[in-house]
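Quick notes on the structure that follows.
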Amino acid sequence: MIRAELARALSDAVEAIVSAGQLPAADYPIEISEPKNPAHGDFASSFALTAAKFAGKSPAAIASLVVEQLSKLNWIESASAAGPGFVNIRLSENYFCECARDAFAAGSGIARTSKPQPMRVNIEFVSVNPNGPIHVGHGRGAAFGDTLARLLEASGDQVWREFYVNDGVNSLQMRLFAESVKARYRELLGLPFQFPDDGYKGDYVMEVAERFLKEFGDSHPDDGLEFWQPHAQSMMLEIQKRDLERFGVKFDCWFSEQSLHDDGSVSRDIDALRAKGELYEQDGALYLRSTAFGDDKDRVVVRADGRPTYIASDIAYHKNKFDRGFDHLIDVWGADHHGYVQRTRAAVRALGYSEDRFEAIITQLVRFYENGKLVEMSKRDGSMVTLAELMDQVGPDVARFFYLMRSHEAHMEFDLDLAREHSERNPVYYVQYAHARICSLMARAKEQGLEADPNAIEHLETPERELIKKIWDLPFEIARAANDRAVHRVATYITELAKQYHDFYEKCRVISPENPSRSAARLALCEITRTAIREGLNLLGVSAPQQM
RNA sequence: GCGGACGUAGCUCAGUGGAUAGAGCAUCAGUCUUCGGAACUGAGGGUCGGGGGUUCGAAUCCCUUCGUCCGCGCCA
């Protein structure tokens, strides 16, 4: 990894300077960046500028010391001090050739690193109530959570994907949903039915009723809610599961909230918290002292009538996750839930866990426009665009890429008309096209008896150097995106890589039978580019087609 | 009112405290007898919402102000 090697070289240089007594010992930040202006070199460091604060020397003087050290390395073609104190670095051609051969040898391993001590991470996301389908508003959290999971895996962590099912039998919403399904079932049977006043009016309720009729027949029009609720719920879950899988999202576990009540976890954990003095009674209800842990008010855990609130199950749920041995918990929530971060964190701390083992990530809401108008979405009246419908119209690749292109913390606008009518202009095609182009090129080369040979790589032209440099940014970008939970950087990166490849393609002819050695070298560059694009797309859950 | 997020090109959005703030789309002008034109090259377009501050240096950090969105239940 080029940047890592450079950082090590810089670090060694600084150490040498310090031990020569030319700089005071300190914990200097080592920084390597890529200059915007290519004339400045392949890489640059502002080390001298930042070190000047501690060192009592001018940035220019420090820069020249660093230059002196770096110039000793044979793989660095030149190092020079410039501007207010930057050190500009140009790498040797041989080094780039070596890097290309390394990338070729690494294959798809270029996108994976391992850790001596992998972290066991539980990431919970989507967790839509089982009273409606996954709709486009949920798509962002689904795509984000899944890609973050892939990034963490690529960075060497062990990741467990979990969907929390709010299936509490006491939930009023779930009762109402079951009543709505039952009414539609009776309607299907031609029986008199009474649709609940605030019932769920969407078409998917009928879909659930139809599934039920198909599976269980027509003998249940008079069964009560205790029969209908679990069935309505599990059928809705099946539909959610189907849509999510089509979207490229598979969970290791669909965790039932009700199971925490059934196995006694909730009451046991509440008793334990009470014994620790984290709970108190007021007006007949039991409160969690969450203000002691940074919340802005204390929260009711058990109502005056004795029924636990959802926080009670959340307490048990998070404890359960820790009990299963996870080092770190990530909850991905939509912005409409950001108010719950503090109280959940408070609950985790009250349970006695360090708060840095719990992380809530908020994805900002997406606004959808259709016919130039904001689409209002309501589960009750059924006015929503489902994720399945979106995929029907633009395909899973476009849908995923669109959600993942932008930072999860920025508000996002989704123009459904544009996605449908001009989907061929979506940036995802730009990247996929580069991949398909390489596949086609390599197939054609093979027909002519030409094969990639990394050992033939030599005498690089500028587009070739830039391409190699860009390819080796992949592990760096993956690590950075995983660390910062900034999954959109992968989308930005592969778009830039595709651009770099197209530039190379325009300027460097690959297949030229009269020059088989150069052809073999350039085919090797195509091969490593193809691998990098494929791995990048794979992290996003987007396919890498061989032809389009 | 309180809390949180976001204000960057006509539109949608990138941007590790660093050198001359970028991309896509849109607009305009170009590139093809050659490996996939779903491509490439170029042009125009900016008080980085406003104002203070921190420092060698701020779109980036702090304060303040304006605007937009979200949340503020013994609902889940």
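Throughout, protein chains are lettered first and strands after them, A, B, ... in sequence-line order, and every chain is numbered starting at 1. Just so it is clear, the structure is predicted and the values come from calculations on it, not from any experiment.
Closest to the side chain of A:Val510, out of B:U16, B:C35, B:C74, is B:C35. Side-chain proximity of A:Arg3 to the nucleotides B:U16, B:C40, B:C74 is greatest for B:U16. Between B:G36, B:A76, B:C70, one nucleotide has an atom nearer to the side chain of A:Gln173 than all others, and that is B:A76.
Residue contacts shown for A:Ala436 include a base, since a base heavy atom lies under 4.0 Å away. Across all strands shown, A:Ala335 has heavy atoms under 4.0 Å from sugar-phosphate atoms exclusively, and none from any base. Here A:Arg444 lies in heavy-atom contact (under 4.0 Å) with sugar-phosphate atoms only. Residue A:Gln546 is classed as a base contact, given a heavy-atom separation below 4.0 Å to a base. Residue A:Ala410 is classed as a sugar-phosphate contact, given heavy-atom separations below 4.0 Å to backbone atoms only. Base contact: A:Tyr340 has a heavy atom under 4.0 Å from a base atom.
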Table of protein N/O atoms under 3.5 Å from nucleotides 17-20 of chain B N/O atoms:
unit_1: B:G18; atom_1: N7; unit_2: A:Ser46; atom_2: OG; d: 3.4
unit_1: B:A19; atom_1: OP2; unit_2: A:Lys36; atom_2: NZ; d: 2.7
unit_1: B:A19; atom_1: N6; unit_2: A:Asn88; atom_2: OD1; d: 2.6
unit_1: B:A19; atom_1: N1; unit_2: A:Asn88; atom_2: OD1; d: 3.4
unit_1: B:A19; atom_1: N1; unit_2: A:Asn88; atom_2: ND2; d: 3.3
unit_1: B:U20; atom_1: O4; unit_2: A:Asn37; atom_2: ND2; d: 3.4

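The nearest heavy atom of RNA chain B to A:Glu477 and to A:Phe414 marks one nucleotide each, and the one closer to the 5' end goes with A:Phe414. Annotation: of the two residues near RNA chain B, A:Lys507 and A:Ser407, the 5′-most nearest-nucleotide partner is A:Ser407.
Below 30°, between 30° and 60°, or above 60°: for A:Phe125 and A:Phe251 the angle between ring planes is between 30° and 60°, a tilted geometry. Ring geometry for A:Tyr280 versus A:Tyr287: interplanar angle under 30°, hence parallel rather than tilted (30 to 60°).
Between A:Tyr280 atom OH and B:C74 atom P the separation is 11 Å, expressed in whole Å. For the pair A:Leu288 CG and B:G73 P, the computed distance is 16 Å after rounding to whole Å. Going from atom CE of A:Met412 over to atom P of B:U68 covers 23 Å, rounded to whole Å. With rounding to whole Å, A:Lys499 atom NZ is found 12 Å from B:G42 atom C1'. Distance A:Lys297 NZ to B:G1 C1': 13 Å, rounded to the nearest Å.
With C1' as the reference atom, B:A39 and B:G71 are 47 Å apart, rounded to whole Å. When the P atom is compared between B:A14 and B:G44, the two are found 26 Å apart, to the nearest whole Å. On the P atoms, B:C63 is 41 Å away from B:A26, given to the nearest whole Å. Distance check on atom P: B:A43 versus B:A23 gives 10 Å, rounded to whole Å.
The phosphate of B:U16 (OP1 or OP2) has a side-chain N or O of A:Arg489 nearer than 4.0 angstrom. Contact annotation: A:Arg303 does not reach the phosphate of B:G73 (side-chain N/O to OP1 or OP2, under 4.0 Å). Note on A:His488: a side-chain N or O is less than 4.0 Å away from OP1 or OP2 of B:G15. When the side-chain nitrogen and oxygen atoms of A:Tyr429 are compared with OP1 and OP2 of B:G24, none of them lie within a distance under 4.0 Å.
Using a cut-off of 4.0 Å between Lys/Arg side-chain N and Asp/Glu carboxylate O, A:Lys499 and A:Glu496 are scored as not salt-bridged. A:Lys507 and A:Glu464 are not joined by a salt bridge, as no carboxylate oxygen comes within less than 4.0 angstrom of a charged side-chain nitrogen.
Nearest heavy atom pair, residue A:Pro230 against residue A:Leu225, reads CD-O, 4.0 Å.
Pairing of B:C6, defined by two Watson-Crick or G-U wobble distances under 3.5 Å, is identified with B:G67. Applying the Watson-Crick and G-U wobble criteria (two distances, each under 3.5 Å), B:G30 pairs with B:C40.
In this model, no side-chain donor or acceptor of A:Tyr501 finds a partner on the base of B:C35 within 3.5 Å. Looking at A:His338, its side chain comes within 3.5 Å of the base of B:G3 through a donor and an acceptor atom.
Rounded to the nearest 0.5 angstrom, A:Arg299 CZ and A:Ile315 CD1 are separated by 12.0 Å.
A:Tyr340 and A:Asp314 share no side-chain donor-acceptor pair at under 3.5 Å. Checked by atom type, the side-chain pair A:Ser512/A:Arg522 shows no donor-acceptor distance below 3.5 Å.
Between the A:Tyr317 side chain and the A:Ser256 main chain, no donor and acceptor come within less than 3.5 Å of each other.
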